[in-house]
Asker: 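Sharing a structure with you now.
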Amino acid sequence: MKVTEHIEKAKGKTLFSFELIPPVKGKSIQELYDNIDPLMEFKPPFIDVTTSREEYVYIDKGGLLEKKVTRMRPGTVGICSSIQHKYHVDTVPHLLCGGFTKEETEYVLVDCHYLGIDNVMALRGDSMKEERYFTPTDGGHCYAKELVEQIRNLSHGQYLHETINSDDNADFCIGVAGYPEKHLEAPSLQTDLKRLKEKVDAGADYVVTQMFFDNQKYFEFVEAAKNLGINVPIIPGIKPVAVKRHLQLLPQVFRIDIPQDLIDAVEACSTNKEVRQVGIEWAIQQSKELKAAGVPVLHYYSMGKSDNIKAIAKEVF
Ligand SMILES: Cc1cc2nc3c(=O)[nH]c(=O)nc-3n(C[C@H](O)[C@H](O)[C@H](O)COP(=O)(O)OP(=O)(O)OC[C@H]3O[C@@H](n4cnc5c(N)ncnc54)[C@H](O)[C@@H]3O)c2cc1C
């Protein structure tokens with residue numbers, strides 16, 4: 001079932017969902033199941049699985065280091081399919097422009113269709129760790145909007161090189177990313193919102209936001225998006241702070257602000273266990289206010305750990 005159908009079926013009730021990261025190459029999928037199991041009591045209608053960009057590794061060839069490109073966390077679509085079979089829950093694999101040609105993307109989309117995956121999240125992806133700016137992959141897309149167009153074309157039987165008269169079109173529900181505090185490369189929030197509108201006009205069905213710690217930023221973002229004619233559901237993304245280092249790391253990586261009250265509370269902690277509790281309590285307050293405001297879904301960034309998400313969900317759902 002599509003994410004948008006789940007939202008319609010809920011008739012205004014706020015749903016619970018979360019995002020998972022595939023295990024590092026060589027690690028068991030059991031690790032993921034162990035984190036999904038405790039969250040199933042909150043009945044997530046869908047679970048997202050991220051895709052990681054390829055990265056450079058250096059192989060020691062008898063004293064000489066050879067540079068190779070690899071994916072450290074492969075298996076997104078396979079994991080989605082396993083989750084659907086094991087838990088009977090819909091999944092949303094994340095698709096990236098970066099690191100994939102359009103041909104490879106078409107291949108993945110056909111896989112998703114045959115596996116009964118009805119939703120995909122269309123993202124550009126970040127630059128590779130070694131690169132300062134995002135460089136499009138040869139034969140790939142430059143922006144998420146182009147990826148949305150490719151996915152939407154499939155529902156009209158339009159593949160990359162031919163149009164097929166098909167009675168089995170892959171009609172995906174497409175999610176895209178939105179940034180209440182603007183994307184780090186965008187010159188202004190208003191320009192970034194116009195880009196978001198382009199993604200929606202190209203066929204995106206819903207938006208999931210970047211994490212934020214001040215609900216006011218989300219409310220203003222939703223209002224500004226509506227004023228621009230963006231009428232699809234905008235799902236808030238929530239991440240509980242978990243370690244002291246997040247105070248530096250999250251603003252640096254995601255260009256988001258952390259409210260002074262949260263900074264003060266984290267700084268007053270003497271252990272990361274205390275920080276984790278502060279993060280849980282902040283996220284509970286955020287979630288309760290968002291739920292009271294009638295958001296369609298509360299979507300949690302689990303970062304591969306479920307204990308804090310469970311503690312939050314217990315208080316909110
Ligand atoms: C909910 C969510 C899930 C995510 N999941 C993943 C994941 O699984 N894996 C991963 O690697 N990353 C993920 N990301 C991070 C995302 O890939 C990065 O934030 C990336 O830098 C931008 O992706 P986008 O899809 O928003 O890009 P786009 O929408 O393409 O926008 C990228 C930038 O280009 C600008 N822009 C857009 N169109 C144009 C144009 N025509 N001309 C000029 N500028 C333009 C935008 O304003 C923006 O600044 C996720 C982010 C979110 C919010």
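Start at 1 and go down the list; that is how both ligands and their atoms are numbered. Values below: every heavy atom of this structure, side chains too, minus hydrogens, waters and symmetry copies. The structure displayed is predicted, hence computed values, not measured ones.
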Asker: What part of Tyr301, side chain from CB on, backbone N/CA/C/O, both or neither, has a heavy atom under 4.0 Å from ligand 1?
Answerer: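 It is the side chain that touches ligand 1; the backbone stays farther off.
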
Asker: Describe, in one word, how the ring planes of Phe16 and Phe18 are oriented to each other, choosing from parallel (under 30°), tilted (30 to 60°) and perpendicular (over 60°).
Answerer: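 Because their plane-to-plane angle lies in the 30° to 60° range, the rings of Phe16 and Phe18 count as tilted.
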
Asker: Tell me, which protein residue and heavy-atom name are nearest atom 47 (O) of ligand 1, and how many Å apart are they?
Answerer: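 Result: Asp192 OD1, 2.7 Å.
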
Asker: Would you please name every residue forming a ring pair (Phe, Tyr, Trp, His ring centres under 6.0 Å) with Phe46, sequence neighbours left out?
Answerer: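 For Phe46, no residue satisfies ring pair (Phe, Tyr, Trp, His ring centres under 6.0 Å) once neighbours in sequence are set aside.
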
Asker: For Met121, take its heavy atoms, then give the atoms of ligand 1 lying under 4.0 Å from any of them.
Answerer: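 Listed by number with element: 1 (C).
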
Asker: Within the side chain of Gln84, is there an N or O that forms a donor-acceptor pair under 3.5 Å with the backbone of Gly116?
Answerer: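 Indeed, once roles are kept as given, a pair shorter than 3.5 Å links the two residues.
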
Asker: Taking Lys217 first and then Asp257, would you say they form a salt bridge - that is, a charged N and a carboxylate O separated by under 4.0 Å?
Answerer: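 Judged by the 4.0 Å cut-off on N to carboxylate O distance, Lys217 and Asp257 do form a salt bridge.
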
Asker: If I apply the N/O under 3.5 Å rule, does Arg124 come out as touching ligand 1?
Answerer: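 By distance alone, the answer is yes.
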
Asker: Val297 pairs by side-chain contact (heavy atoms from CB on, under 4.5 Å) with which of Val208, Thr14, Ile7?
Answerer: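 Among Val208, Thr14, Ile7, the one meeting side-chain contact (heavy atoms from CB on, under 4.5 Å) with Val297 is Ile7.
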
Asker: Can a side-chain donor-acceptor contact be found between Glu274 and Ser270 if the only test is distance below 3.5 angstrom?
Answerer: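 A donor-acceptor contact under 3.5 Å links the two side chains.
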
Asker: Output the list of atoms in ligand 1 that are nearer than 4.0 Å to some heavy atom of Ala186, sorted by atom number.
Answerer: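 Within the 4.0 Å cut-off of Ala186, ligand 1 contributes 47 (O), 49 (O).
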
Asker: Could you establish whether Lys194 and ligand 1 come within less than 4.0 Å of each other, counting only heavy atoms on the residue side?
Answerer: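 No heavy atom of Lys194 comes that close to ligand 1.
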
Asker: What protein heavy atom is closest to atom 5 (N) of ligand 1, reported as residue, atom name and distance in Å?
Answerer: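 For atom 5 (N) of ligand 1, the nearest protein heavy atom comes out as His94 ND1, 3.1 Å.
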
Asker: Side chains of Asp48 and His94: do they bring a donor and an acceptor to under 3.5 Å?
Answerer: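 The answer is yes; a qualifying pair exists.
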
Asker: Going by distance alone, is a donor N or O of one side chain under 3.5 Å from an acceptor N or O of the other, for Gln30 and Asp34?
Answerer: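 On atom types as modelled, these side chains qualify, holding a pair under 3.5 Å.
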
Asker: Pairs of nitrogen or oxygen atoms closer than 3.5 Å, one from Cys142 and one from ligand 1: do any exist?
Answerer: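 In this structure, Cys142 places no N or O atom under 3.5 Å from an N or O of ligand 1.
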
Asker: Number the atoms of ligand 1 from 1 as they appear, then name those within less than 4.0 Å of a heavy atom of Ala177, with their elements.
Answerer: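 Selected atoms, number and element: 26 (O), 52 (C), 53 (C).
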
Asker: Are side-chain N/O atoms of Thr70 and Lys25 paired as donor and acceptor at under 3.5 Å?
Answerer: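 Yes, because at least one side-chain N or O of Thr70 sits under 3.5 Å from a partner of the opposite role on Lys25.
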
Asker: Atom 41 (N) of ligand 1: which protein heavy atom is closest, and how many Å away?
Answerer: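 Nearest neighbour among protein heavy atoms for atom 41 (N) of ligand 1, to 0.1 Å: Arg195 NH1, 3.6 Å.
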
Asker: Going by the order shown, which atoms of ligand 1 are within less than 4.0 Å of some heavy atom of Leu96?
Answerer: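 Selected atoms, number and element: 9 (N), 10 (C), 11 (O).
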
Asker: Strictly distance-based, threshold 3.5 Å: is any side-chain N or O of Glu131 a donor or acceptor partner for the main-chain N or O of Ser127?
Answerer: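 Side chain of Glu131 to backbone of Ser127: no pair is present.
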
Asker: Hey, looking at atom 23 (O) of ligand 1, which of Phe254, Tyr143, Tyr179 has the closest heavy atom?
Answerer: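 Shortest heavy-atom distance from atom 23 (O) of ligand 1: Tyr179.
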
Asker: Does Phe134 come within less than 4.0 Å of ligand 1, judged by its heavy atoms?
Answerer: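 No; Phe134 lies far enough from ligand 1 that no heavy-atom distance drops under 4.0 Å.
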
Asker: Considering only heavy atoms, does Lys199 approach ligand 1 within less than 4.0 Å through its side chain, its backbone, both, or neither?
Answerer: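 The answer is the side chain of Lys199.
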
Asker: Any side-chain donor-acceptor pair under 3.5 Å between Asn308 and Tyr300?
Answerer: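 Absent: no donor and acceptor within the cut-off.
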
Asker: Going by the atom numbers of ligand 1, which of them fall below 4.0 Å from some non-hydrogen atom of Thr50?
Answerer: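 Near Thr50, meaning under 4.0 Å from one of its heavy atoms, ligand 1 has 8 (O).
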
Asker: Determine, considering heavy atoms only, which of Thr51, Asp126, Leu123 sits nearest to atom 10 (C) of ligand 1.
Answerer: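 Selected option, by shortest heavy-atom distance: Thr51.
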
Asker: Go through ligand 1 atom by atom and flag the ones less than 4.0 Å from a non-hydrogen atom of Val208.
Answerer: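 Checking each atom against Val208, I get 1 (C).
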
Asker: Report the part of His299 (side chain from C-beta onward, or backbone N, CA, C, O) that has a heavy atom under 4.0 Å from ligand 1; answer both or neither where that applies.
Answerer: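 For His299, there is no contact with ligand 1 at all, from either part.
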
Asker: Mind checking the NE2-CZ spacing from His113 to Phe172? Nearest 0.5 Å is all I need.
Answerer: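 Separation between the atoms: 7.0 Å.
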
Asker: With backbone taken as N, CA, C and O and side chain as the heavy atoms from C-beta onward, which portion of His183 lies under 4.0 Å from ligand 1: side chain, backbone, both, or neither?
Answerer: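 It is the side chain that gets close, since no backbone atom is under 4.0 Å.
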
Asker: Are Arg124 and Phe134 in a cation-pi setup, meaning NZ or CZ lies under 6.0 angstrom from the ring centre and within 45 degrees of the ring axis?
Answerer: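 Yes.
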
Asker: In ligand 1, which numbered atoms sit nearer than 4.0 Å to a non-hydrogen atom of Gln210?
Answerer: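 Counting from 1, the qualifying ligand atoms are 53 (C).
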
Asker: Is the shortest distance from atom 31 (O) of ligand 1 to a protein heavy atom below 4.0 Å?
Answerer: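 No; the ligand atom in question lacks any protein heavy-atom contact below 4.0 Å.
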
Asker: Consider ligand 1: state whether an atom of it lies below 4.0 angstrom from any non-hydrogen atom of Gly237.
Answerer: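 In this structure, Gly237 fails to qualify as a contact of ligand 1 - no heavy atom is under 4.0 Å.
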
